Amino acid sequence: MMHSKSPFRLLAGLAVLILSLAGAAHAGPPFLTDDPEPVELHHWEFYLATQQIHNADGWSGTAPHIEINYGVLPDVQLHVIAPFGYNKAPGEPARYGYADTELGIKYRFFHETDTLPQIGFFPIVELPTGNHNEDLGNGKAQVFLPIWMQKKFGDWTTYGGGGYWINPGEGNRDYWFAGWEVQRKITTSFTAGMEIQFRTPDSVDSHCSTALNAGGIWDLSDTYHILFSAGHTVQGQSEFQGYLAFQITWGPQEAKEDGKSKK
């Protein structure tokens with residue numbers, strides 16, 4: 001299991017995973033740890049993404065999912081993920097179809113100061129739109145109630161927090177998720193980061209787990225971006241996690257600048 005390996009071997013493995021993804025190719029995405037900073041007022045974020053998980057149960061994830069975030073009010077962001085999910089257990093046929101829809105509202109209630117971090121609340125609801133019999137959905141609505149905080153120090157940004165998952169269903173357990181991320185702007189177009197995440201058991205036959213992920217954000221322009229991350233558990237069930245996305249961002253300021261350039 002991964003927790004028997006030294007931290008240096010683990011970091012080296014993560015570096016290899018990142019380089020391989022970058023060749024093929026929050027805050028928040030590409031990490032599971034989120035941040036309190038909402039999308040700017042009347043701005044949009046659009047992601048075409050895939051998230052992969054491999055453990056003793058086989059492969060599962062999204063292929064793809066669409067995420068949309070919109071700054072509807074100052075300090076308030078609307079959030080939706082519409083996923084197509086799949087799972088492939090050893091010795092069984094693959095299953096594919098629409099999975100559980102995610103809805104959320106991010107509200108930043110405290111702005112960052114010279115000494116204090118910004119803080120936000122980001123409740124999320126997972127609607128049971130996927131086929132539970134095909135292992136493409138939970139079968140019941142889930143709710144996540146987290147608090148996130150973030151602080152910037154020059155080219156460095158750190159954020160994290162966590163919350164409680166209400167996870168109904170046969171064999172399921174409510175559980176806690178917590179994470180923390182540190183990232184640094186390496187160049188004007190590339191930011192690298194690493195997170196640690198922890199969760200308590202989410203089912204009657206599972207255990208606590210801790211994972212490390214590393215990844216980056218490559219800004220192709222002010223509008224187009226590539227995000228990626230990969231990692232593995234270091235405690236608990238052996239599990240690989242991977243994420244890759246193409247992101248488009250736009251809003252009123254960009255439209256205004258485009259209009260000026262056409263005059």
Side-chain angles (χ1 to χ4, degrees), residues 1-5 9-10 13-25 29-33 47-67 81-102 124 126-142 144 165 167-177 179 195-215 227-245:
M1 292 181 64
M2 286 297 294
H3 62 268
S4 65
K5 298 183 179 180
R9 291 180 64 188
L10 174 65
L14 289 176
V16 171
L17 287 169
I18 292 171
L19 290 174
S20 64
L21 281 173
F31 300 103
L32 291 183
T33 302
Y47 300 80
L48 181 64
T50 179
Q51 188 164 9
Q52 308 295 319
I53 294 174
H54 182 259
N55 54 32
D57 296 325
W59 284 93
S60 62
T62 61
H65 70 259
I66 292 173
E67 176 177 348
I81 292 181
F84 283 87
Y86 80 93
N87 65 80
K88 175 64 174 71
E92 296 184 11
R95 299 180 176 91
Y96 181 81
Y98 190 76
D100 289 350
T101 305
E102 179 174 294
I124 285 173
E126 299 276 353
L127 301 178
T129 51
N131 188 333
H132 178 58
N133 294 329
E134 294 290 320
D135 292 327
L136 296 172
N138 185 62
K140 294 182 180 293
Q142 300 166 291
F144 185 39
W165 272 98
N167 184 34
E170 183 178 357
N172 290 349
R173 295 173 59 176
D174 296 349
Y175 64 99
W176 292 91
F177 173 88
E195 73 171 332
I196 183 170
Q197 50 181 264
F198 171 80
R199 72 180 67 210
T200 59
D202 60 1
S203 65
V204 294
D205 57 355
S206 64
H207 304 278
C208 293
S209 65
T210 304
L212 292 178
N213 279 354
L227 301 86
F228 58 90
S229 68
H232 204 285
T233 51
V234 293
Q235 178 261 328
Q237 181 187 35
S238 178
E239 182 174 276
F240 164 81
Q241 303 173 6
Y243 177 93
L244 180 65

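Note that the coordinates shown come from a computational prediction; the quantities given were computed from them, not determined experimentally. In this chain, residues are counted from 1 in sequence order.
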Heavy-atom side-chain contact between [X] and [Y] under 4.5 Å:
{"X": "F84", "Y": "Y96", "answer": "yes"}
{"X": "D100", "Y": "L127", "answer": "no"}
{"X": "N167", "Y": "Y175", "answer": "yes"}
{"X": "P30", "Y": "F228", "answer": "no"}
{"X": "N172", "Y": "D202", "answer": "no"}
{"X": "L212", "Y": "Q197", "answer": "no"}
{"X": "W165", "Y": "F177", "answer": "yes"}
{"X": "I81", "Y": "E67", "answer": "yes"}

Q) Yes or no on side-chain contact (heavy atoms from CB on, under 4.5 Å) for C208 and R199, after CA distance, side-chain angles and deciding distance? A) CA-CA 6 Å; C208 293; R199 72 180 67 210; over 6 Å; no
Heavy-atom closest contact ([X] atom, [Y] atom, distance):
{"X": "Q237", "Y": "A56", "answer": "NE2-CB, 3.8 Å"}
{"X": "G139", "Y": "P128", "answer": "C-CB, 3.7 Å"}
{"X": "A211", "Y": "Q241", "answer": "CB-NE2, 4.1 Å"}
{"X": "F240", "Y": "G231", "answer": "CD1-O, 3.4 Å"}
{"X": "T62", "Y": "A49", "answer": "OG1-O, 4.2 Å"}

Verify the distance criterion only: is there a donor paired with an acceptor across the side chains of [X] and [Y] at less than 3.5 Å?
{"X": "N138", "Y": "E126", "value": "no"}
{"X": "Q52", "Y": "T50", "value": "yes"}
{"X": "S209", "Y": "T233", "value": "no"}
{"X": "T33", "Y": "E195", "value": "yes"}

If I take atom [atom1] from residue [X] and atom [atom2] from residue [Y], how far apart are they, to the nearest 0.5 angstrom?
{"X": "S60", "Y": "E239", "atom1": "OG", "atom2": "CD", "answer": "7.5 Å"}
{"X": "T200", "Y": "W176", "atom1": "OG1", "atom2": "CH2", "answer": "8.5 Å"}
{"X": "I53", "Y": "N87", "atom1": "CD1", "atom2": "CG", "answer": "11.0 Å"}

Treating [X] as the side-chain partner and [Y] as the backbone partner, does any N or O pair qualify as donor plus acceptor under 3.5 Å?
{"X": "N55", "Y": "S238", "value": "no"}
{"X": "S229", "Y": "N213", "value": "no"}
{"X": "H54", "Y": "W59", "value": "no"}

Q: Check step by step if side-chain contact (heavy atoms from CB on, under 4.5 Å) holds for L227 and L244.
A: CA-CA 6 Å; L227 301 86; L244 180 65; over 6 Å; no
Q. Is the number of heavy atoms from other residues, nucleotides or ligands under 6.0 Å of E92 CD greater than 12?
A. yes
(Q) Are more than 12 heavy atoms, taken from residues, nucleotides or ligands other than K140, located less than 6.0 Å from that residue's NZ atom? (A) no
Q | Stepwise side-chain contact (heavy atoms from CB on, under 4.5 Å) test for I66 and Y47 | A | CA-CA 6 Å; I66 292 173; Y47 300 80; over 6 Å; no
